[in-house]
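Structure first, then comments.
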Amino acid sequence: MIQNKIIIKLSIRFHFQSVKIKIKPPSLDNTNIRPKAVIFINKLKTDAKLFAFGGLAYGAIEILWRRKTHWTMVLTGGACFLSLFKFFSGHEKMPLVKKCCIGSCIITSIEFLCGCIVNLKMKLNVWDYSKAKLNILGQICPFYSMLWGLLCIPVNTICKKINRKSKAISEKAEN
């Protein structure tokens with residue numbers, strides 16, 4: 001444990017007096033000053049939990065919708081939920097319709113990127129929207145983009161609840 005007090009003794013020959021200087025480093029336990037590494041690790045843990053929650057939740061939704069899923073969809077769902085959580089947390093006052101539109105764009109962008117890697121590059125053929133109207137490379141289409149916008153309604157509610165709970169926990173820890 002770090003010493004709370006470090007005493008440095010200096011001798012000054014002028015007037016034959018001795019001077020003590022006390023230096024007290026900031027305590028890690030008693031103040032809000034924490035090393036950047038601890039803050040980074042805590043944020044990383046929180047992000048990993050959000051990623052896992054989103055991935056597993058999306059995997060479950062896809063099993064209900066398509067009766068099957070793929071491990072890449074769990075990763076994609078985690079990336080989407082974490083991205084939406086960060087966006088919604090930073091824009092709490094934004095109207096829900098606007099959040100849903102932007103959320104739909106976020107999910108569709110991640111879906112397109114993942115589709116290009118997983119379906120086109122790696123040839124895993126996890127999904128194919130090539131028969132849907134106005135599709136782009138068979139990876140995204142307006143119908144699913146609309147569904148992603150609707151999915152943002154419950155996601156927004158979940159994000160609000162998580163934020164409220166985390167704020168309550170941090171306030172309780174400070175007291």
Side-chain angles (χ1 to χ4, degrees), residues 34-173:
R34 295 175 17 174
K36 289 181 181 179
V38 173
I39 294 169
F40 174 75
I41 289 172
N42 286 340
K43 285 183 180 179
L44 194 60
K45 284 180 186 177
T46 302
D47 288 353
K49 289 176 187 175
L50 292 169
F51 185 92
F53 173 78
L56 294 173
Y58 181 72
I61 290 169
E62 191 168 50
I63 288 171
L64 291 172
W65 182 262
R66 293 179 34 183
R67 304 281 183 233
K68 64 180 181 174
T69 192
H70 191 267
W71 64 269
T72 57
M73 294 296 86
V74 174
L75 298 179
T76 305
C80 289
F81 184 77
L82 182 60
S83 299
L84 291 174
F85 181 83
K86 299 267 184 191
F87 176 74
F88 291 165
S89 297
H91 299 87
E92 292 175 353
K93 305 274 186 205
M94 184 181 284
L96 181 60
V97 173
K98 194 171 181 181
K99 281 185 184 179
C100 290
C101 290
I102 295 171
S104 174
C105 292
I106 290 170
I107 296 171
T108 302
S109 299
I110 294 172
E111 181 186 31
F112 182 73
L113 178 65
C114 181
C116 288
I117 295 168
V118 170
N119 294 330
L120 301 179
K121 180 84 172 156
M122 297 173 69
K123 308 238 186 268
L124 294 178
N125 301 321
V126 178
W127 73 88
D128 183 11
Y129 298 152
S130 59
K131 293 180 182 173
K133 292 181 182 180
L134 303 172
N135 75 81
I136 299 176
L137 299 176
Q139 303 311 303
I140 57 173
C141 68
F143 175 72
Y144 279 96
S145 292
M146 180 202 60
L147 290 180
W148 304 144
L150 293 174
L151 184 64
C152 286
I153 296 170
V155 169
N156 182 58
T157 304
I158 292 167
C159 290
K160 281 182 180 179
K161 287 183 180 183
I162 292 172
N163 274 329
R164 265 190 245 123
K165 188 173 183 178
S166 66
K167 285 178 186 175
I169 290 170
S170 63
E171 286 173 1
K172 191 175 187 180

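Looking at Trp148, its side chain never comes within 3.5 Å of a backbone N or O of Cys105 through a donor-acceptor pair. Ser89 places a side-chain N or O within donor-acceptor distance of the main-chain N or O of Phe85, the cut-off being under 3.5 Å. Between the Asn135 side chain and the Ser130 main chain, a donor and an acceptor come within less than 3.5 Å of each other. In terms of modelled atom types and a separation under 3.5 Å, the side chain of Gln139 and the main chain of Leu137 share a donor-acceptor contact. Without hydrogens or angle criteria, Ser104 side chain to Ser145 main chain gives a donor-acceptor distance under 3.5 Å.
Taking every heavy atom of both residues into account, Arg66 and Trp127 meet most closely at NH1-CB, 4.0 Å. The two residues Thr72 and His70 have their closest heavy-atom pair at OG1-ND1, 2.8 Å. The shortest heavy-atom contact between Gly59 and Val74 is CA-CG2, 4.5 Å. Of all heavy-atom pairs spanning Ile107 and Cys80, the tightest one is CG2-SG, 4.0 Å. Here the closest non-hydrogen pair linking Leu84 and Val155 is CD1-CG1, 3.9 Å.
With contacts defined as side-chain heavy-atom distances shorter than 4.5 Å, the pair Lys86/Asp47 qualifies. When side chains are defined from C-beta on, Asn156 does not count as touching Cys152, because their heavy atoms never get closer than 4.5 Å. Contact annotation: the side chain of Arg164 never approaches that of Lys167 to less than 4.5 Å [non-hydrogen atoms, C-beta and beyond]. For the pair Phe112 and Ile136, the minimum side-chain heavy-atom distance is below 4.5 Å. Inter-residue side-chain proximity for Met73 and Val126 is flagged as met; some heavy-atom pair is nearer than 4.5 Å.
Considering SG of Cys101 and CD1 of Ile106, their distance stands at 11.5 Å, rounded to 0.5 Å. Leu151 CG to Ile61 CD1: the interatomic distance, rounded to the nearest 0.5 Å, is 5.0 Å. The CG atom of Leu44 sits 13.5 Å away from the CD1 atom of Ile39 when rounded to the nearest 0.5 Å. Cys114 contributes atom SG, which lies 10.5 Å from atom CG of Leu120 (distance to the nearest 0.5 angstrom). Within the model, atoms SG of Cys141 and CE of Met146 stand 9.5 Å from one another, a figure rounded to the nearest 0.5 Å. Between the SG atom in Cys100 and the CD1 atom in Ile153 there is a gap of 4.5 Å [rounded to 0.5 Å].
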Verdict with reasoning, Ile102 to Met94, per side chain to side chain contact (heavy atoms under 4.5 Å, CB included): CA-CA 11 Å; Ile102 295 171; Met94 184 181 284; 4.0 Å; yes

Lys68/Ile63 under side chain to side chain contact (heavy atoms under 4.5 Å, CB included): CA gap, chis, key distance, verdict: CA-CA 5 Å; Lys68 64 180 181 174; Ile63 288 171; over 6 Å; no

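Geometrically, Lys99 engages Phe88 in a cation-pi contact defined by less than 6.0 Å to the ring centre and at most 45° from the axis.
Between Phe51 and Phe81, the distance from one ring center to the other does not fall under 6.0 angstrom.
Ring orientation note: the planes of Trp65 and Tyr144 are nearly perpendicular, at an angle over 60° on the 30°/60° scale.
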